[in-house]
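What follows is one structure encoded as structure tokens, with my remarks underneath.
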Amino acid sequence: MSALRLCHYGAFVVSMLALTGCTGMGEARSTTDVPGDPESIKASLLETGAQAMQTDAPPSRLEVYLVGFHPLKKEPVHQFEAHHFCDQVNEDFLQCALYDGNSEDAKLNGIEYIISEELFERLPEEEKQYWHPHNGEILSGQLVAPNLPEVAEHELMESKINSYGKTWHTWDTAKGGGTAESLPLGEPSLAWSFNRDGEANPGLIEARDERMDIDTEERRRARQDLVPLAKPQVGVDALKGEFPRATQPILGVEAKPSN
């Protein structure tokens, strides 16, 4: 992975690699078992040949790794731990493949496009309903970039303040905490973001933190200097009142008045 390209901070990021601690990077294995026979020798040989002779240019550019959480917009108590492997196309646009883990057995279960506030404001009003705000994820400490030096991760999160994401999950590998679907069935589901404390299902964030050696509260404290940069966003109140628990505001996360 190229730290230079990863955060677009040139020699600054490279110099920080030796000066600061990292943010944690435990393994998150898939819990989804897929039906089917083991891969045959013929298929394995074809795969090896393809690896040697064909291009892997698009996936090889997925150099930015983020981990966060997604509730479904139409069923907010159905929530995913989402592992994003992303390509920073330009300063305003990030495209991500979503997996249910970060190990070799991880299952591709969705996509997310992340755009800047400037690009979001250009969207037609009817389109904006599909894009969730990111300030809650960032300022709460829930969205993390595992194994990056703390300074580099902080700079990355600052670059995503006021951004928006459009996320479709194509495979229910979470199943609301129950048994996951063994195949990607049904229609894609539009996902959203957490914008108030208490919206995440009990244990969801804590399980991620323990498994991956991440301290969400520490990340939250370290990002309080980003609060003054946060602007009111569209979609902050889209799921307000849709959770069975009491919720509280996140400092710096405000709803933008509707037109």
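Bear in mind that the values here come from a model prediction, so they are computed numbers and not experimental data.
- Separation of atoms CD (Q129) and CG (L123) is listed at 11.5 Å; rounding is to 0.5 Å.
- For N195 and H132, the side-chain atoms include no donor-acceptor pair closer than 3.5 Å.
- Atom-to-atom distance recorded for L143:CG and M157:CE is 4.0 Å, nearest 0.5 angstrom.
- Other residues, nucleotides and ligands place no more than 12 heavy atoms under 6.0 Å from the CD atom of E210.
- Judged purely by atom type and a 3.5 angstrom limit, Y164 uses its side chain to pair as donor or acceptor with the backbone of V234.
- Checked against a 6.0 Å centroid threshold, the rings of H169 and H78 do not count as neighbours.
- A donor-acceptor pair is defined here as one N or O able to donate and one able to accept, closer than 3.5 Å; no such pair exists between the side chain of K73 and the backbone of P71.
- Remark: K166 is positioned above the aromatic ring of Y130, its terminal NZ or CZ atom under 6.0 angstrom from the ring centre and at most 45 degrees off the axis.
- Between H84 and V67, every side-chain heavy-atom pair lies at or beyond the 4.5 Å cut-off.
- With rounding to the nearest 0.5 Å, the separation of CD1 in I205 from CZ in F194 is 6.5 Å.
- The hydrophobic cluster containing L98 does not contain W168, counting ILVMFWY residues as joined when their side-chain heavy atoms lie under 4.5 angstrom apart, directly or transitively.
- At a cut-off of 3.5 Å, with distance as the only test, a side-chain donor of H70 or E112 sits close to an acceptor on the other residue.
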* Given side chain to side chain donor-acceptor pair (under 3.5 Å), test N162 with H134 step by step and report yes or no. => CA-CA 6 Å; N162 302 317; H134 279 147; over 6 Å; no
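- Ion pairing between E153 and R219 holds under the 4.0 Å rule for side-chain N and carboxylate O.
- Judged purely by atom type and a 3.5 angstrom limit, R223 uses its side chain to pair as donor or acceptor with the backbone of I138.
- In this structure, the side chains of F85 and N102 come closer than 4.5 Å at one or more pairs of heavy atoms.
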* To do: With side chain to side chain donor-acceptor pair (under 3.5 Å) as the test, would you mind laying out the steps for Q248 and D197 before giving the verdict?
  => CA-CA 5 Å; Q248 299 80 37; D197 286 329; over 6 Å; no
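- Although no hydrogens or angles enter the test, the distance criterion places no donor-acceptor pair under 3.5 Å between the side chain of D87 and the main chain of Q95.
- Between A255 and V236, the shortest heavy-atom contact is CA-CB, 3.8 Å.
- Taking the side chain as every heavy atom from C-beta outward, V227 and L139 approach each other to under 4.5 Å.
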* Show your working on salt bridge (charged side-chain N to carboxylate O under 4.0 Å, His left out) between K256 and E117 and close with a plain yes or no. => CA-CA 12 Å; K256 185 175 182 178; E117 178 190 26; 5.5 Å; no
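- Scored by the side chain to side chain contact (heavy atoms under 4.5 Å, CB included) test, A97 finds L62, Y99, L108 as partners (sequence neighbours excluded).
- The shortest side-chain heavy-atom distance between L119 and R122 falls under the 4.5 Å cut-off.
- Taking OG from S182 and CG from L185, the interatomic distance works out to 6.5 Å, rounded to the nearest 0.5 Å.
- Taking the side chain as every heavy atom from C-beta outward, W131 and I115 approach each other to under 4.5 Å.
- Between W171 and D100 the shortest side-chain heavy-atom distance does not fall below 4.5 Å.
- In summary, the side chains of H83 and Y65 do present a donor paired with an acceptor at a separation below 3.5 Å, with no hydrogens or angles considered.
- Annotation for E187: atom CD does not count as buried by contact number, only 12 or fewer foreign heavy atoms lying within 6.0 Å.
- Side-chain N or O atoms of N135 include none that pairs as donor or acceptor with a backbone N or O of I161 at under 3.5 Å.
- Looking only at distances, no side-chain donor or acceptor of N109 sits under 3.5 Å from a matching main-chain atom of T170.
- Remark: K74 NZ to L190 CG distance equals 8.5 Å, nearest 0.5 Å.
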Using atom types as modelled, flag every donor-acceptor pair under 3.5 Å from a side chain in residues 237-245 to any protein atom, sequence neighbours excluded.
| from | atom 1 | to | atom 2 | distance (Å) |
| --- | --- | --- | --- | --- |
| R245 | NE | G198 | O | 3.1 |
| R245 | NH2 | E199 | O | 2.9 |
| R245 | NH2 | N201 | OD1 | 3.3 |

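- A salt bridge links E125 and K128; the closest N-O separation between the charged side-chain nitrogens and carboxylate oxygens is under 4.0 Å.
- Remark: R208 does not engage D213 in a salt bridge, criterion side-chain N to carboxylate O under 4.0 Å.
- Residue S116 holds its OG atom at 10.5 Å from CZ of F93, rounded to the nearest 0.5 Å.
- By the 4.5 Å heavy-atom criterion applied to side chains, Q224 and L251 are counted as neighbours.
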